[in-house]
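Have a look at the structure below, then the notes.
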Amino acid sequence: MPYTYFIVGSELEIAKLHTVVDVMNLMEKNNNLLGGECFTLESVSILGQIFLGNEKGNPFNTKYCWADGSQFYVFDQELCQKVASTKWDDILDASVPWSECNYWKNHEHNRMDLAGMIIDFSNLCKQTNNEKQLYFLLSNED
């Protein structure tokens with residue numbers, strides 16, 4: 001099963017990532033440790049749509065990928081700004097529709113687990129700016 005890494009970085013930093021070790025080093029350097037086997041393109045797209053209410057919440061495919069099929073995606077800056085400015089109570093409220101989507105019904109995550117993930121996601125969004133965006137890697141590397 002692919003493992004997902006959420007990475008705040010510049011396009012140049014992302015272009016230099018060639019292994020999971022490179023990804024982990026950048027994440028550790030930037031103190032942004034969010035990821036896991038539970039995240040998929042579908043699950044993060046649903047989260048984005050909850051905040052923006054449209055297709056803008058879907059992450060975009062980038063030109064960065066690895067030979068094993070691992071793919072980097074980037075989140076729209078509008079989504080990051082929205083999530084970063086969302087108040088605590090609204091983040092907790094967003095965990096309700098996210099937990100009720102079909103994807104999460106087949107996993108052992110409860111609404112509070114997902115609220116914690118959204119809080120971590122929000123903290124990453126707060127680190128984005130004109131130079132650094134929020135990427136995620138769907139890694140096929142072991």
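- Between Leu134 and Tyr73 the shortest side-chain heavy-atom distance does not fall below 4.5 Å.
- Taking CE of Met117 as the start and OG of Ser99 as the end, the distance is 11.5 Å to the nearest 0.5 Å.
- Between Ser139 and Trp66, the shortest heavy-atom distance links the atoms OG-CZ3, 4.2 Å.
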Trace of the ring-ring contact (aromatic ring centres under 6.0 Å, His included) decision for Tyr5 with Tyr3: CA-CA 7 Å; Tyr5 301 90; Tyr3 198 91; 4.9 Å; yes
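- In this structure a side-chain-to-backbone donor-acceptor pair under 3.5 Å is present from Asp22 to Thr19.
- Checking side-chain atoms of Trp98 against main-chain N and O of Ser43 turns up a donor-acceptor pair under 3.5 Å.
- Ser10 places no side-chain N or O within 3.5 Å of a backbone atom of Glu131 that could act as its donor or acceptor partner.
- Taking Asn61 as the reference, Gln71 meet the side chain to side chain donor-acceptor pair (under 3.5 Å) condition, with sequence neighbours excluded.
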Donor-acceptor list for residues 85-96 side chains, cut-off 3.5 Å, not counting sequence neighbours:
unit_1: Ser85; atom_1: OG; unit_2: Gln81; atom_2: O; d: 3.0
unit_1: Ser85; atom_1: OG; unit_2: Lys82; atom_2: O; d: 3.1
unit_1: Thr86; atom_1: OG1; unit_2: Lys82; atom_2: O; d: 2.6
unit_1: Ser95; atom_1: OG; unit_2: Leu92; atom_2: O; d: 2.5
unit_1: Ser95; atom_1: OG; unit_2: Arg111; atom_2: NH1; d: 3.3

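- Partners of Phe51 according to the ring pair (Phe, Tyr, Trp, His ring centres under 6.0 Å) rule, which considers only residues two or more places apart in sequence or in another chain, do not exist here.
- Using modelled atom types, one side-chain atom of Ser45 and one backbone atom of Leu41 make a donor-acceptor pair closer than 3.5 Å.
- In this structure Glu42 satisfies the side chain to side chain donor-acceptor pair (under 3.5 Å) test with no other residue, sequence neighbours excluded.
- For Ala84, the side chain to side chain contact (heavy atoms under 4.5 Å, CB included) test picks out Cys125, Lys126, with sequence neighbours left out.
- Looking only at side-chain heavy atoms (C-beta outward), Tyr135 and Glu11 come within less than 4.5 Å of each other.
- Qualifying ring pair (Phe, Tyr, Trp, His ring centres under 6.0 Å) partners for Tyr64, counting only residues two or more places apart in sequence or in other chains: none.
- By the salt bridge (Lys or Arg N to Asp or Glu O under 4.0 Å) test, Lys132 pairs with Glu13, sequence neighbours left out.
- Across all non-hydrogen atoms, the minimal contact from Cys80 to Phe75 is SG-CB, 4.1 Å.
- For Glu100, the salt bridge (Lys or Arg N to Asp or Glu O under 4.0 Å) test picks out no residue, with sequence neighbours left out.
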Worked verdict on Phe121 versus Phe136 for ring-ring contact (aromatic ring centres under 6.0 Å, His included): CA-CA 11 Å; Phe121 185 76; Phe136 81 98; 9.1 Å; no
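- Once rounded to the nearest 0.5 Å, the distance linking OG1 of Thr62 with CD1 of Ile14 reads 8.0 Å.
- Applying the side chain to side chain contact (heavy atoms under 4.5 Å, CB included) test to Lys16 and every residue at least two apart in sequence or in another chain returns Leu12.
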